[in-house]
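A short write-up of the structure that comes next.
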Amino acid sequence: MSSYFKKYPNDQGFFEDYGGAFIPPALEVEMKKITDAYQTISKSHNFIEELRSIRKHYQGRPTPVYYCSRLSKKYGGRIYLKREDLNHSGAHKLNHCMGEALLAKHLGKKKLIAETGAGQHGVALATAAAYFGLECEIHMGEVDIKKQHPNVVRMKILGAEVVPATHGLKTLKEAVDSAFEAYLKDPENTIYCIGSVVGPHPFPMMVRDFQRVVGIEAREQFMDMTGELPDHVVACVGGGSNAIGIFSAFLEDDDCKLHGVEPGGRSLEMGEHAATMTFGTPNIIHGFKCYTLQDENGDPAPVYSVASGLDYPGVGPEHSMLKDMGAVNYDIINDKETIDAFYELSRLEGIIPALESSHAVAYGIKLAQEHPQKSILINLSGRGDKDIDYVVDTYGLPE
Ligand SMILES: *Cc1c(COP(=O)(O)O)cnc(C)c1O
């Protein structure tokens, strides 16, 4: 196992063909500094101890693994959930935000900067900034600010400054531009915190390392509960951080099948989904190489998913490599299957899942029906409180 993590990524941040840092020279210098600092600090006793203490006393880790008896009875299989919805602030994202903020503190930075689309990453980073007493500046498209009002309010309550991106389409891409611009004005005192296993090196590696805790805990907990490893492990894939977090602990277990679930959206036509690995081609996006969805001109294609945390036209470079290696099976769940799973888990287990996580639950249910003798471990990446109004207003309540 350790050999895998030594080998990937290589010194230049490549996972075989994918990853790297395709960025302007000014940014290159900063990324190199962060990489060097991370390599040193992340191995220090102080850093490891502080992160361990934060995870236990602040985040409430380890999060439990839970056996879904009623869901399993209805659909077959033995279905288990890794409960990242119970991680502080309600999703796995805080795992890497606390790591990034702790690194910022050790580097003597004063301010955390990031972009956010739906606002989930912004809220998690604002939480981390409040904990460490750091300033926080979240860039967000003007259109998204209107759409994601509750998360904007959360960020403000937590003390973050929300900066509207007012050019172009006023959504995620413009927020990225705006945040990078702000970062490059003062790299001495600020650090850019990426929200998934994407972006230029070292972020795919760092975010993966901070998320590995999910897999390490889950593997041990599952073994304790059942005396064996799961037959299947399932996670949804947007950028891929929650998925790589849980997969990383099972990559060398040949009998354990790994499934990454992408959003199939409304249909499989371009613009109606965000199934990057299934329909994409390798290209460079946002400073790194990965599978991407692109239009005829080679520009990032419009993407859509009912789960706003999954609608990204790229994907983590490590996932791109794992796909080519055949180490992980990537498949699709559409909006309808997602909504059905959202209600099934709510009504059979009393757990309202995030719409992102509902993709993984839907796929787990399918696997259970196909393999009634097998055990299935699903990474429940977050809770669904943020989604309740949208789901009920759009789809209504089931009978
Ligand atoms: C952001 C988010 C995701 C998608 O991000 P990954 O990096 O692919 O994990 C999944 N689930 C929840 C609850 C999220 O907030």
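Just so you know, ligand 1 is whichever comes first in the structure, and atom 1 is the first atom listed for that ligand. Please read all numbers here as calculations on a predicted model, not as lab measurements.
For the residues Ala360, Gly316, Ala118, Gly309, the heavy atom positioned nearest atom 4 (C) of ligand 1 is part of Gly309. Ranked by closest heavy atom to atom 6 (P) of ligand 1, the top entry among Ser305, Gly384, Ser241, Ser308 is Ser241.
The shortest N/O to N/O separation between Gly239 and ligand 1 falls below 3.5 Å. Any N or O atom pair closer than 3.5 Å counts here, and Gly240 shares at least one such pair with ligand 1. Between Gly238 and ligand 1, at least one pair of N/O atoms sits closer than 3.5 Å. Between Lys386 and ligand 1, no pair of N/O atoms sits closer than 3.5 Å.
How far NZ of Lys336 is from CD1 of Ile339: 9.5 Å, rounded to the nearest 0.5 Å.
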Q: For side chain to side chain contact (heavy atoms under 4.5 Å, CB included), just list the numbers for Leu348 and Cys68, CA-CA rounded to whole Å, side-chain angles, deciding distance to a tenth of an Å, and then say yes or no.
A: CA-CA 8 Å; Leu348 287 170; Cys68 298; over 6 Å; no
**Q.** Leu51/Phe210 under side chain to side chain contact (heavy atoms under 4.5 Å, CB included): CA gap, chis, key distance, verdict
**A.** CA-CA 9 Å; Leu51 194 56; Phe210 291 137; 4.0 Å; yes
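Interface atoms of ligand 1 facing Ala354, defined by a heavy-atom separation under 4.0 Å, are 13 (C). Here is the list of ligand 1 atoms found below 4.0 Å of a heavy atom in Gly382: 13 (C). Atom numbering of ligand 1 starts at 1 in the shown order; those under 4.0 Å from a heavy atom of Cys236 are 10 (C). For ligand 1 and Ser196, the ligand atoms under 4.0 Å from any heavy atom of the residue are 6 (P), 7 (O).
Judged by a 6.0 Å distance limit and a 45° cone about the ring axis, Arg212 is positioned over the six-membered ring of Phe5.
The pair Glu188-Lys111 does not meet the salt-bridge criterion, since no charged nitrogen lies less than 4.0 angstrom from a carboxylate oxygen. Salt bridge status for Lys110 with Glu135: absent, with no side-chain N to carboxylate O gap under 4.0 Å.
For His92, every heavy-atom contact with ligand 1 shorter than 4.0 Å involves the side chain, none the backbone. In Ser381, the parts holding a heavy atom less than 4.0 Å from any atom of ligand 1 are both the side chain and the backbone. Contact annotation: for Lys93 versus ligand 1, heavy atoms closer than 4.0 Å belong to the side chain alone.
Here the rule is ring pair (Phe, Tyr, Trp, His ring centres under 6.0 Å) with His106, and of Tyr38, Phe132, Phe47 only Phe47 fits it.
Smallest separation of non-hydrogen atoms from Thr63 and Glu217: N-OE1, 3.4 Å.
In this structure, the ring of His286 has its center no less than 6.0 angstrom from the ring center of Phe203.
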